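Structure first, then comments.
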Amino acid sequence: ILRASKLFWAGYPDTAIPLDRALIQRLEGVIQEVRPDFIFVHYHDDTHQDHRHLSTCTITATRYTRNVLFYEGPTTQNFSPSVFVDVDSVLEDKIATLRAHASQVSKTNIEGLSIVDIARASAHFRGIQGRVRNAEGFVPLRLFININP
């Protein structure tokens, strides 16, 4: 569904992503191999420890990376995006991807509300903020916009 050419999986069990030098070095290795133009990672203010730890390690591992953007998830707190991307044409692809992650779909602890429901509501809310129908909001750690004269 993601159309990824390669998957990097560190093998950490759920809720056990460490906050340590080894993870930073592992991330640096992936960054050196892939040489991405953009890196997207969970926003650091999050109630889920895996999201917090990965975000913090990524901040260090991307210290030489030009474009690093934080995104929100259902457990993100205090998120105030300043960058928006219109996702109306790809929202159903995102929903399909979320549905494929079957172990997480109903893990919201909100009766009658799934991850899919939250993703649709968030896309619509961020779209309203960005003045489109559906959007994804981001908080930049670093974002370079090249304007050629």
Side-chain angles (χ1 to χ4, degrees), residues 1-101 103-105 107-108 115-116 118-149:
I1 294 171
L2 293 175
R3 297 183 295 272
S5 58
K6 186 172 182 180
L7 178 65
F8 296 88
W9 183 253
Y12 299 112
D14 193 23
T15 73
I17 291 179
L19 178 58
D20 64 13
R21 183 174 173 214
L23 179 54
I24 292 167
Q25 290 173 328
R26 177 174 263 155
L27 292 168
E28 288 172 335
V30 171
I31 291 165
Q32 286 176 345
E33 181 178 337
V34 175
R35 301 210 178 279
D37 293 320
F38 286 85
I39 293 182
F40 300 91
V41 65
H42 285 282
Y43 189 61
H44 47 83
D45 190 355
D46 197 293
T47 60
H48 195 297
Q49 67 273 18
D50 283 351
H51 302 173
R52 280 194 317 273
H53 293 176
L54 184 59
S55 180
T56 301
C57 289
T58 300
I59 290 169
T60 301
T62 61
R63 62 195 173 278
Y64 304 117
T65 303
R66 290 178 60 93
N67 298 298
V68 181
L69 295 151
F70 297 108
Y71 59 84
E72 70 182 318
T75 53
T76 301
Q77 303 181 118
N78 304 309
F79 189 77
S80 185
S82 57
V83 173
F84 297 89
V85 174
D86 186 335
V87 296
D88 199 52
S89 66
V90 295
L91 183 59
E92 292 311 311
D93 294 335
K94 178 179 179 176
I95 298 302
T97 303
L98 290 170
R99 286 186 202 277
H101 197 10
S103 68
Q104 301 295 307
V105 171
K107 248 185 162 178
T108 65
I115 292 290
V116 170
I118 292 170
R120 285 189 191 282
S122 293
H124 198 60
F125 177 67
R126 297 303 178 198
I128 291 166
Q129 288 183 312
R131 306 297 187 252
V132 297
R133 183 171 174 78
N134 290 295
E136 193 90 24
F138 299 94
V139 171
L141 174 63
R142 275 182 305 283
L143 178 62
F144 281 80
I145 300 171
N146 297 321
I147 300 172
N148 297 318

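The shown structure was predicted, so the numbers you read here are calculated from the model rather than taken from an experiment.
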Could you check whether any side-chain N or O of [X] sits under 3.5 Å from a backbone N or O of [Y], counting only pairs where one atom can act as donor and the other as acceptor?
X	Y	value
Ser55	Arg52	no
Asp45	Thr76	no
Asn67	Phe144	yes
Arg120	Ile95	no
Asn134	Gly127	no

Can you find a pair of side-chain heavy atoms, one from Ile39 and one from Ile31, that are under 4.5 Å apart? yes
Hey, are the side chains of Asp46 and Phe79 touching, using non-hydrogen atoms and a 4.5 Å cut-off?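 Not in contact.
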Where [X] and [Y] come nearest, the two heavy atoms and their spacing:
X	Y	result
Ile17	Asp50	N-OD1, 2.9 Å
Phe84	Gly130	CG-CA, 4.0 Å
Asp93	Ile1	O-CG2, 4.0 Å
Val139	Pro81	CG2-CA, 3.8 Å
Leu91	Ala123	CD1-CB, 3.8 Å

Find the distance between [atom1] ([X]) and [atom2] ([Y]) and round it off to the nearest 0.5 Å.
X	Y	atom1	atom2	value
Leu23	Cys57	CG	SG	4.0 Å
Ile59	Thr65	CD1	OG1	12.0 Å
Gln129	Ser80	CD	OG	7.0 Å
Ile24	Thr60	CD1	OG1	4.5 Å
Thr97	Glu92	OG1	CD	11.0 Å

Test side-chain contact (heavy atoms from CB on, under 4.5 Å) on Thr62 and Arg142 and set out the steps.
CA-CA 10 Å; Thr62 61; Arg142 275 182 305 283; 3.9 Å; yes
Sequence neighbours left out, what passes salt bridge (charged side-chain N to carboxylate O under 4.0 Å, His left out) with [X]? Give chain and number order.
X	value
Asp37	none
Arg126	Glu72
Arg63	Glu28
Arg26	none

By side-chain contact (heavy atoms from CB on, under 4.5 Å), Phe138 pairs with (sequence neighbours left out) Phe40, Leu69, Tyr71, Val83, Val85, Glu136
Note to self: Going by ring pair (Phe, Tyr, Trp, His ring centres under 6.0 Å), name the pairs with one or both residues in residues 44-63, residues two or more places apart or in two chains.
What the structure shows: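 Ring pair (Phe, Tyr, Trp, His ring centres under 6.0 Å) check on residues 44-63 returns His42-His51, His44-Phe70, His48-His51.
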